[in-house]
Peer 1: 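Mind having a look at this structure? Questions to follow.
Each chain gets a letter, A, B and so on, in the order its sequence line appears, and its residues count up from 1.
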Amino acid sequence: MSVTPLLDVRGVTKHYGRHIGCKDVGFKLYPGEVMGIVGESGSGKTTLLNCLAGHQAADAGQVIFDTRVEGPRDTLLMSEPERRMLGRTDWAFVHQHARDGLRMGVSAGGNVGERLMAVGARHYGDIREQALDWLERVEIDGARVDDRPTTFSGGMQQRLQIARNLVTGPRLVFMDEPTGGLDVSVQARLLDLLRGLVRGMGLSAIVVTHDLAVVRLLADRLMVMKDGHVVETGLTDQVLDDPQHAYTQLLVSSVLQV
Amino acid sequence: MTDQSYNFAYLDEQTKRMIRRAILKGLAIPGYQVPFASREMPMPYGWGTGGVQVSAAVLTPEDTMKVIDQGADDTTNAVSIRKFFERTAGVDTTTATSEASVIQTRHRIPEEPLHEDQILVYQVPIPEPLRFLEPRETETRKMHALEEYGLMHVKLYEDISRHGHIATSYAYPVKVEGRYVMDPSPIPKFDNPKMEMPAIQLFGAGREQRIYALPPWTKVVSLDFDDHPFEASKADHCCALCGANDSYLDEVITDDAGGRMFICSDTDYCEGRRAAGHRGPLNAEAAE
């Protein structure tokens with residue numbers, strides 16, 4: 001028996017002029033699976049993620065998503081309204097900087113409720129109830145539902161961003177350095193929370209990071225990128241414990257052991 | 001007397017054609033903001049340059065014009081725009097709502113119902129209802145094109161969460177014919193239900209270079225939540241001068257000891273009622 005992959009990526013390529021963003025990247029992501037993408041700065045991780053999520057147009061390739069209604073469809077060939085609809089229903093995007101993903105001038109409750117209202121929720125009481133429920137799930141005090149994110153700490157902003165993204169029950173979450181810029185203890189709590197949510201909701205996720213500890217905790221499978229190419233793929237523990245490619249070996253050995 | 005050194009209604013004929021094309025396009029797509037090449041007018045931005053250009057483009061020598069500002073015919077803005085068209089177009093002017101064929105307005109719809117052969121021209125400061133939530137013009141245009149209006153409800157959500165009710169009391173967003181979300185210009189939300197009317201409504205934003213329009217009887221729905229429905233509110237008083245309790249009221253501070261009174265913001269409506277013998281609390285006292 002074969003399972004339809006949730007996301008089937010084939011030969012995605014993006015050039016910036018003569019410079020390579022990412023070249024000929026392909027992988028399959030199955031429902032409930034978390035894929036980690038690691039690599040140094042400038043290796044094309046974020047470019048790849050943006051191409052997959054439709055924030056940037058890829059030059060070549062296919063990104064086939066298993067839609068709820070119509071089955072597998074190439075999102076790169078979808079019309080923009082369809083793609084944006086996906087972007088606020090079945091997909092979620094967690095930015096590295098919470099400020100990019102939040103509306104800083106709108107209260108926490110409004111931030112969480114925005115996606116609900118964007119898909120047609122018109123009952124204030126229901127929206128507020130769901131917002132409060134989600135704040136609790138990401139460990140933010142419900143009393144702060146009417147505060148603006150500007151009054152939140154970095155870790156809280158990041159958790160708020162996650163709540164805002166997951167409120168519509170997406171099936172695929174793109175995360176760009178979700179723990180970047182947070183201190184270590186806050187990172188640990190956030191990772192714990194993310195792991196709980198991903199496993200609890202059966203989410204599929206693509207996590208881009210340069211932090212190997214993040215992928216060790218979150219990802220089932222790992223893809224290592226260098227200079228826009230994928231140099232190694234495999235199960236997370238396998239890649240990290242027995243790296244084959246020279247670059248992966250360098251990456252693994254560069255991690256400080258405390 | 002018309003000043004002969006100007007073309008009729010100040011603008012040259014090519015400019016008026018350009019503006020008329022924008023108006024026709026706006027009427028064809030109700031609620032859609034049509035860009036147009038707004039001209040420099042002999043008044044500062046924010047004083048009604050958009051409305052004046054639209055009025056100039058629709059005026060004919062046979063028209064009778066009325067200009068109101070916050071409902072009043074006798075405020076600076078209204079008087080100077082009325083004089084402007086008296087001088088440059090030589091058209092008749094009036095303060096009576098029923099006698100005017102073109103009414104330029106700022107912040108109000110007249111109390112007296114308009115009829116079919118009238119045109120109501122609004123002065124609009126900021127035509128984009130999504131502007132304060134989404135500063136990028138490229139993004140708001142895309143949101144209009146793709147009908148992504150969730151953000152408009154975020155604004156109303158914020159109102160309720162902060163004030164317990166929808167506190168937006170003017171420039172209250174409306175949905176036109178089930179398609180475009182539109183800023184009705186800063187009219188009080190009391191006037192929103194009046195926008196489904198037999199007269200043509202034209203909106204001109206001079207600085208922002210946008211024209212939009214509502215053909216007669218266009219469906220205009222004020223946005224709201226199921227559990228917080230739209231309410232056309234006004235001050236809970238009657239007019240101190242004419243006693244009307246169905247008109248929109250201005251609050252006037254009368255002394256520094258908390259004294260105040262409420263009077264109709266529509267001066268023509270109020271005068272009409274007083275001429276017909278209606279008296280409010282203030283006048284009744286004076287008569288005794």
Side-chain angles (χ1 to χ4, degrees), chain A residues 54-55 57 78-89 91-92 99-132 134-135 140 142-151 160 163-165 167-168, chain B residues 29 32 126 128-168 171-176 178-181 189 192 219-231 233:
Chain A
H55 294 176
M78 276 185 179
S79 65
E80 185 155 12
E82 286 179 297
R83 198 160 47 231
R84 282 173 74 113
M85 191 58 172
L86 261 189
R88 56 179 196 264
T89 53
W91 287 4
R99 309 185 151 260
D100 298 340
L102 292 173
R103 287 191 191 280
M104 300 308 279
V106 169
S107 72
N111 265 295
V112 178
E114 183 182 344
R115 271 170 79 109
L116 292 171
M117 291 182 247
V119 295
R122 292 291 179 267
H123 191 283
Y124 174 81
D126 293 350
I127 293 167
R128 193 159 174 91
E129 204 170 298
Q130 286 208 52
L132 283 166
W134 266 98
L135 288 185
I140 294 175
R144 304 206 57 181
V145 64
D146 293 332
D147 292 349
R148 294 187 176 193
T150 36
T151 66
L160 180 62
R164 167 187 161 90
N165 271 292
V167 66
T168 48
Chain B
I29 319 171
Y32 171 71
I126 294 166
E128 179 51 74
L130 302 162
R131 176 62 68 239
F132 290 107
L133 296 148
E134 177 52 69
R136 290 168 293 181
E137 174 71 14
T138 49
E139 191 63 21
T140 53
R141 281 201 206 185
K142 208 175 263 182
M143 289 159 84
H144 281 296
L146 303 179
E147 237 180 305
E148 288 182 5
Y149 290 131
L151 202 52
M152 210 63 251
H153 274 85
V154 173
K155 179 178 152 62
L156 301 180
Y157 170 94
E158 289 288 287
D159 258 12
I160 302 174
S161 72
R162 208 169 302 160
H163 305 288
H165 63 277
I166 299 179
T168 302
Y172 193 101
V174 294
K175 192 157 201 176
V176 177
R179 177 60 181 87
Y180 284 98
V181 165
K189 66 177 169 184
N192 272 19
K219 195 168 165 233
V220 178
V221 179
S222 304
L223 300 178
D224 59 3
F225 284 104
D226 297 342
D227 48 345
H228 287 269
F230 172 76
E231 196 188 343
S233 60

Peer 1: Where the side chain of B:Tyr157 meets the backbone of B:Leu151, is there a donor-acceptor pair that is under 3.5 Å apart?
Peer 2: no
Peer 1: Drop me the distance from B:Thr168's OG1 to B:Phe230's CZ, to the nearest 0.5 angstrom.
Peer 2: 10.5 Å
Peer 1: Would you call B:Ile29 and B:Tyr180 a side-chain contact if the rule is heavy atoms closer than 4.5 Å?
Peer 2: yes
Peer 1: Less than 4.5 Å to any heavy atom of chain A: does that hold for the side chain of B:His153, its backbone, both, or neither?
Peer 2: both
Peer 1: Hey, mind stepping through A:Arg144 and A:Thr151 against side-chain hydrogen bond (donor to acceptor under 3.5 Å, both in side chains) and telling me if it holds?
Peer 2: CA-CA 10 Å; A:Arg144 304 206 57 181; A:Thr151 66; 3.1 Å; yes
Peer 1: Would a distance-only check, ignoring hydrogens and angles, find a side-chain to backbone donor-acceptor pair under 3.5 Å from B:Asn192 to B:Ser222?
Peer 2: no
Peer 1: Using non-hydrogen atoms and a 4.5 Å limit, figure out which bit of A:Arg88 sits close to chain B: side chain, backbone, both or neither.
Peer 2: side chain
Peer 1: If you count heavy-atom pairs within less than 4.5 Å of chain B, which of A:Glu114, A:Arg128, A:Arg84 leads?
Peer 2: A:Arg84
Peer 1: Please classify the contact between B:Lys142 and chain A as side chain, backbone, both or neither, with a heavy-atom cut-off of under 4.5 Å.
Peer 2: side chain
Peer 1: Yes or no on side-chain hydrogen bond (donor to acceptor under 3.5 Å, both in side chains) for B:Asp226 and A:His123, after CA distance, side-chain angles and deciding distance?
Peer 2: CA-CA 5 Å; B:Asp226 297 342; A:His123 191 283; over 6 Å; no
Peer 1: Non-hydrogen contacts under 4.5 angstrom with chain B: give the residues of residues 99-106 of chain A involved, or none if there are none.
Peer 2: A:Arg103, A:Gly105, A:Val106
Peer 1: Heavy atoms only, distances under 4.5 angstrom: which of A:Ala118, A:Gly113, A:Gly109 has the most pairs with chain B? Name it, please.
Peer 2: A:Gly109
Peer 1: Starting from the C-alpha separation in whole Å, work towards a yes-or-no answer on side chain to side chain contact (heavy atoms under 4.5 Å, CB included) for B:Lys175 and B:Leu223.
Peer 2: CA-CA 7 Å; B:Lys175 192 157 201 176; B:Leu223 300 178; 4.0 Å; yes
Peer 1: With a 4.5 Å limit on heavy-atom distance, are the side chains of B:Pro129 and B:His144 in contact?
Peer 2: yes
Peer 1: B:Leu146 versus chain A, heavy atoms under 4.5 Å apart: side chain, backbone, both or neither?
Peer 2: side chain
